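Report on the following structure.
What you see below is based on every heavy atom in this structure, not just the backbone, and it leaves out hydrogens, waters and symmetry mates. Values in this document were obtained by computation on a predicted structure and should not be read as measured data.
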Amino acid sequence: MTLVALTVRVPPARREALAEWLVGLTGQAVEERPDGTVIAYVDDADAARVEAAVATRECDGVTIARAVAEPVDWVTRWREGIGARSVGRVFLRPSWVSDVPAPGQVVLALDPESAFGSGEHGSTRGALALLDRRMGPGARVLDLGSGSGILAIAAALLGAARAVGIELDYDAVPVAERNAAKNGVSDRVVFLHGDAGRLAPLGAPADVVCSNILRTINVSLLPAIAGALAPGGVAIFAGMEEPEEALFRPVLEGGGWTVVDEVRDDGWWSVAARRA
């Protein structure tokens with residue numbers, strides 16, 4: 001199979017919606033580049049269909065370039081640039097690194113492989129920092145868009161009695177399960193494959209709900225998150241760049257949520273809120 005990279009450029013206001021739509025169309029993750037382009041990776045046999053669908057959807061103001069994608073060995077490529085780091089009480093360490101944590105920290109051995117969530121991304125660090133601040137012993141945690149399992153596993157290491165992760169990417173679930181086993185928390189953490197909005201009730205009632213996804217998806221999940229939260233519970237929203245605060249905060253507060261904490265990290269904005 002030959003992999004084709006479709007590079008799409010649209011006006012900035014349409015970029016996020018296009019990326020979300022492409023994920024649904026192709027069933028694959030897409031890449032949003034700093035230069036404003038969105039790249040979808042598809043089988044060459046499907047490239048013409050996807051290209052035509054994009055052109056039809058976007059109509060004017062779109063350019064599409066097609067090129068054969070460079071072969072990448074993702075078995076080893078994902079390790080590049082990943083090292084140990086501290087986020088609050090959590091010391092993140094890939095399994096092949098032997099760095100020592102500070103006193104009082106819990107060690108989270110994490111191999112993200114091809115799943116999102118290594119601690120190298122500002123949105124993941126922001127969500128993890130807020131989780132660390134809001135975690136209490138025996139808490140029940142629901143992680144929507146769980147990826148590598150980093151937030152659910154961290155919750156268990158910090159004392160959660162139960163953590164449920166829900167992930168749409170089928171291939172990410174076994175990665176998260178392997179990470180849970182590496183950290184000895186498989187008895188308290190479970191990962192489910194499926195739509196977060198539909199499966200969220202399976203993690204209820206939750207004292208903490210994490211949603212580190214896209215802003216538009218965070219908005220669509222607000223009713224499901226509110227329904228899954230235990231009284232007095234806290235929801236943590238991440239996956240949003242700082243300029244998106246102006247779009248998300250009014251929706252959040254207009255829906256009866258009160259912001260109780262926030263983190264800004266490398267251009268990403270993460271926020272914790274309670275229902276009024």
Minimum-distance pair of heavy atoms, taken over all atoms of Ala200 and Leu144
CB-CD2, 4.5 Å
Would Glu177 and Ser186 count as having a side-chain donor-acceptor pair, cut-off 3.5 Å?
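No pair is found: no donor N or O on one side chain lies under 3.5 Å from an acceptor on the other.
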Kindly compute the distance separating [atom1] ([X]) from [atom2] ([Y]), expressed to the nearest 0.5 Å.
| X | Y | atom1 | atom2 | answer |
| --- | --- | --- | --- | --- |
| Leu157 | Asp132 | CG | CG | 11.5 Å |
| Arg9 | Ile39 | CZ | CD1 | 10.0 Å |
| Leu108 | Asn183 | CG | CG | 4.5 Å |
| His193 | Asp171 | NE2 | CG | 8.5 Å |
| Leu247 | Leu252 | CG | CG | 12.5 Å |
| Asp266 | Glu242 | CG | CD | 9.0 Å |

Check whether NZ of the Lys or CZ of the Arg Arg57 lies under 6.0 Å from the centre of the six-membered ring of Trp21 and within 45 degrees of that ring's axis.
yes
Kindly indicate, with the supporting measurements, whether the criterion side chain to side chain contact (heavy atoms under 4.5 Å, CB included) is fulfilled by Leu18 and Arg14.
CA-CA 6 Å; Leu18 172 65; Arg14 306 204 315 250; 5.6 Å; no
Apply the test side-chain hydrogen bond (donor to acceptor under 3.5 Å, both in side chains) to residues Ser270 and Glu262: give CA-CA distance (whole Å), side-chain angles for both, the deciding distance (0.1 Å), then the verdict.
CA-CA 6 Å; Ser270 305; Glu262 56 190 297; over 6 Å; no
Would you please test Ser148 and Leu110 for side chain to side chain contact (heavy atoms under 4.5 Å, CB included) and show each step?
CA-CA 8 Å; Ser148 67; Leu110 186 80; 3.9 Å; yes
Test side chain to side chain contact (heavy atoms under 4.5 Å, CB included) on Glu245 and Met240; report intermediate values, then the result.
CA-CA 7 Å; Glu245 176 184 355; Met240 298 171 287; over 6 Å; no
I'd like to know if [X] and [Y] make a salt bridge, using a cut-off of under 4.0 Å between side-chain N and carboxylate O.
| X | Y | result |
| --- | --- | --- |
| Arg93 | Asp99 | no |
| Arg215 | Glu241 | no |
| Glu20 | Arg15 | no |

Using side chain to side chain contact (heavy atoms under 4.5 Å, CB included), reason through Val90 and Gln105 one step at a time and then give a plain yes or no.
CA-CA 6 Å; Val90 181; Gln105 287 187 309; over 6 Å; no
Does the ring center of Trp257 lie less than 6.0 Å from the ring center of Phe248?
no
Are the side chain of [X] and the backbone N or O of [Y] linked by a donor-acceptor pair below 3.5 Å?
| X | Y | answer |
| --- | --- | --- |
| Asn179 | Gly149 | no |
| Asn218 | Ala238 | yes |
| Asp43 | Asp46 | no |

Picking from Asp265, Asn212, Leu92, what satisfies side-chain contact (heavy atoms from CB on, under 4.5 Å) with Thr124?
Asn212
Does the side chain of Arg49 reach to within under 4.5 Å of the side chain of Leu25, using non-hydrogen atoms?
yes
